[in-house]
Amino acid sequence: MMSGLGAESSDLLRHLLLDRAIKVVIVAVALGILALGMAVMWRRAERAKKRLD
């Protein structure tokens with residue numbers, strides 16, 4: 001078993017990796033929502049353009 005400084009650094013590393021993973025997931029979800037929103041707006045713009053023609 002690790003004790004003292006080794007255990008603390010291991011816990012810190014685990015915490016930092018988990019924090020980084022959470023941030024990556026948040027950014028990936030935000031980009032997915034952005035892409036979905038852009039696709040919906042693009043489709044609506046195409047429909048509006050067809051109606052005007």
Side-chain angles (χ1 to χ4, degrees):
M1 270 192 147
M2 281 202 264
S3 62
L5 190 59
E8 287 178 16
S9 65
S10 176
D11 288 342
L12 178 62
L13 182 61
R14 188 177 307 125
H15 176 75
L16 290 174
L17 288 174
L18 180 62
D19 186 59
R20 176 66 60 138
I22 289 170
K23 288 178 182 177
V24 167
V25 169
I26 290 170
V27 169
V29 169
L31 287 174
I33 291 170
L34 178 65
L36 182 63
M38 292 297 290
V40 168
M41 287 175 21
W42 190 270
R43 287 182 188 155
R44 286 188 179 181
E46 285 181 353
R47 285 185 195 164
K49 186 179 175 186
K50 287 180 183 179
R51 273 191 241 146
L52 292 175
D53 288 341

Participant: Arg14: which residues meet the salt bridge (Lys or Arg N to Asp or Glu O under 4.0 Å) condition with it, sequence neighbours left out?
Facilitator: Asp11
Participant: Sequence neighbours left out, cut at 3.5 Å: what donor-acceptor pairs do the side chains of residues 34-44 make with other protein atoms?
Facilitator:
| from | atom 1 | to | atom 2 | distance (Å) |
| --- | --- | --- | --- | --- |
| Trp42 | NE1 | Glu46 | OE2 | 2.8 |

Participant: Could you list the residues that satisfy side chain to side chain contact (heavy atoms under 4.5 Å, CB included) with Ile22, not counting sequence neighbours?
Facilitator: Leu18, Ile26
